[in-house]
Amino acid sequence: MGYSRRKLNLIARQRNDWLRAEFRHRMAQFDTHQLLFIDESSKDERTFQRRYARGLKGSRISTKGNFTRGTRYSVLSAISVEGVIASHTIVGAYDQRQFEFAMTSFVLPHVGSVARREKCSVVIMDNCAIHTSNDVITALTDQQCKGFFEDCGYF
């Protein structure tokens, strides 16, 4: 019939197309060399476990895998069009204090002035609660940086 098993593309119910268009409009005023994306990621023993496999219809497919997390590693990275500008890795997950340390110690030295159209002068982060640290926002503002959260908020 022409149908096949495919991965479903899940779109957030909270997505607002008008705010997304406004965000793209705001970003259009900057050159690509000015953009600096900040995000964190983590890995534990289960991260790379296979979740799908092929097999004969009617038969069960099994494999052995880890059911315990083991040690979790987290990395915060700052990425520009030139590649990874700064990175910081910890054991465990980032909290606000660790995020503030990573941003001020590793990322801020690479942030430029948006008024002078310097590279890495527009910082873009998702709206994770730890990213809204007043200390980090103040430090970025003091650097004459422009910042945006992906939910279209900005500082």
Side-chain angles (χ1 to χ4, degrees), residues 4-52 65-155:
S4 64
R5 182 174 185 260
R6 298 174 57 199
K7 184 166 172 56
L8 182 65
N9 183 21
L10 187 62
I11 298 172
R13 182 173 283 123
Q14 301 84 354
R15 184 163 106 174
N16 181 316
D17 289 332
W18 186 86
L19 288 176
R20 288 168 52 91
E22 182 183 349
F23 180 78
R24 286 191 299 271
H25 177 73
R26 282 192 188 142
M27 291 294 105
Q29 67 183 307
F30 304 112
D31 296 328
T32 56
H33 76 275
Q34 291 181 271
L35 305 180
L36 183 65
F37 298 90
I38 310 291
D39 206 359
E40 66 278 337
S41 184
S42 66
K43 180 229 177 280
D44 63 25
E45 297 301 321
R46 301 173 305 162
T47 303
F48 296 112
Q49 283 186 171
R50 182 181 287 254
R51 303 239 194 276
Y52 297 95
N66 290 321
F67 283 86
T68 56
R69 285 192 177 158
T71 305
R72 175 180 293 269
Y73 297 95
S74 296
V75 61
L76 178 121
S77 293
I79 302 169
S80 77
V81 293
E82 295 177 358
V84 176
I85 300 300
S87 186
H88 180 252
T89 304
I90 62 170
V91 175
Y94 275 94
D95 60 20
Q96 190 160 359
R97 182 185 57 78
Q98 292 161 324
F99 176 73
E100 289 170 352
F101 171 77
M103 286 293 290
T104 56
S105 301
F106 299 97
V107 177
L108 265 168
H110 301 282
V111 172
S113 165
V114 73
R116 294 190 296 269
R117 302 191 71 80
E118 293 176 340
K119 68 180 185 174
C120 301
S121 58
V122 178
V123 174
I124 302 165
M125 300 182 271
D126 60 28
N127 58 354
C128 177
I130 63 172
H131 295 172
T132 60
S133 160
N134 287 333
D135 291 345
V136 170
I137 291 171
T138 300
L140 288 169
T141 304
D142 290 346
Q143 291 274 122
Q144 298 180 342
C145 166
K146 187 79 171 166
F148 291 91
F149 294 110
E150 288 179 352
D151 67 347
C152 298
Y154 56 95
F155 54 89

Undergrad: Could you please spell out the steps behind the side chain to side chain contact (heavy atoms under 4.5 Å, CB included) verdict for Cys128 and Glu40?
TA: CA-CA 10 Å; Cys128 177; Glu40 66 278 337; 4.2 Å; yes

Undergrad: Measuring only between side-chain heavy atoms, which start at C-beta, is Val114 closer than 4.5 Å to Val122?
TA: yes

Undergrad: Considering non-hydrogen atoms only, spot the tightest contact between Ala86 and Phe106 and give its length.
TA: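 So the minimum-distance heavy-atom pair works out to CB-O, 3.2 Å.
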
Undergrad: Do the side chain of Gln98 and the main chain of Asp95 share a donor and acceptor less than 3.5 angstrom apart?
TA: yes

Undergrad: Test side chain to side chain contact (heavy atoms under 4.5 Å, CB included) on Ile38 and Leu76 and set out the steps.
TA: CA-CA 7 Å; Ile38 310 291; Leu76 178 121; 4.1 Å; yes

Undergrad: Is any side-chain heavy atom of Met103 closer than 4.5 Å to a side-chain heavy atom of Asp135?
TA: no

Undergrad: Do Val107 and Val123 have side chains that approach each other closer than 4.5 Å (heavy atoms only, starting at C-beta)?
TA: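 They are not in side-chain contact.
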
Undergrad: Show your working on side chain to side chain contact (heavy atoms under 4.5 Å, CB included) between Asp126 and His131 and close with a plain yes or no.
TA: CA-CA 8 Å; Asp126 60 28; His131 295 172; 2.8 Å; yes

Undergrad: Quick check for you: to the nearest 0.5 Å, what is the distance between Met125 atom CE and Thr132 atom OG1?
TA: 8.5 Å

Undergrad: Looking only at non-hydrogen atoms, find the nearest pair between Arg117 and His33 and report the distance.
TA: O-NE2, 2.9 Å

Undergrad: Would you indicate whether the side-chain heavy atoms of Ile85 and Lys119 approach each other to under 4.5 Å?
TA: no

Undergrad: Do the side chains of Ser42 and Arg72 get nearer than 4.5 Å, heavy atoms only?
TA: yes

Undergrad: Does Gln34 reach the main-chain N or O of Ser121 with its side chain, forming a donor-acceptor pair under 3.5 Å?
TA: no

Undergrad: Is there side-chain contact between Val91 and Tyr73, with at least one heavy-atom pair below 4.5 Å?
TA: yes

Undergrad: To check you understand the geometry: which heavy-atom pair defines the closest contact between Ile130 and Phe99, and what is its length?
TA: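 That closest heavy-atom pairing would be O-CD2, 3.2 Å.
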
Undergrad: From Glu82 CD over to Leu35 CG, what is the distance, rounded to the nearest 0.5 angstrom?
TA: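 The CG atom of Leu35 is 11.5 Å from CD of Glu82, to the nearest 0.5 Å.
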
Undergrad: At what distance, to the nearest 0.5 angstrom, does CD1 of Ile137 lie from SG of Cys145?
TA: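 So the CD1 of Ile137 and the SG of Cys145 are separated by 11.0 Å.
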
Undergrad: Would the distance check show the side chain of Ser77 and the main-chain N or O of Ile79 forming a donor-acceptor pair, the cut-off being under 3.5 Å?
TA: no

Undergrad: To check you understand the geometry: which heavy-atom pair defines the closest contact between Gly112 and Glu118, and what is its length?
TA: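 Heavy atoms only, the tightest pair is CA-OE1, 3.3 Å.
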
Undergrad: Looking at every non-hydrogen atom in both residues, tell me the closest pair between Pro109 and Thr104 and how far apart they are.
TA: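 What the structure gives for the nearest pair is CD-O, 3.8 Å.
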
Undergrad: OG/Ser133 to CD/Glu100 distance, rounded to the nearest 0.5 angstrom?
TA: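 Between atom OG of Ser133 and atom CD of Glu100 there are 3.0 Å.
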
Undergrad: Could you tell me whether the side chain of Ile124 reaches within less than 4.5 Å of the side chain of Phe23, counting heavy atoms only?
TA: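 SC-SC contact between Phe23 and Ile124 confirmed.
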
Undergrad: Can you confirm whether more than 12 heavy atoms, excluding those of Asn134, are under 6.0 Å from its CG atom?
TA: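 Atom CG in Asn134 is not crowded, with 12 or fewer foreign heavy atoms closer than 6.0 Å.
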
Undergrad: Between Thr89 and Val75 (side chain of the first, backbone of the second, donor and acceptor by atom type, cut-off under 3.5 Å), is there such a pair?
TA: no

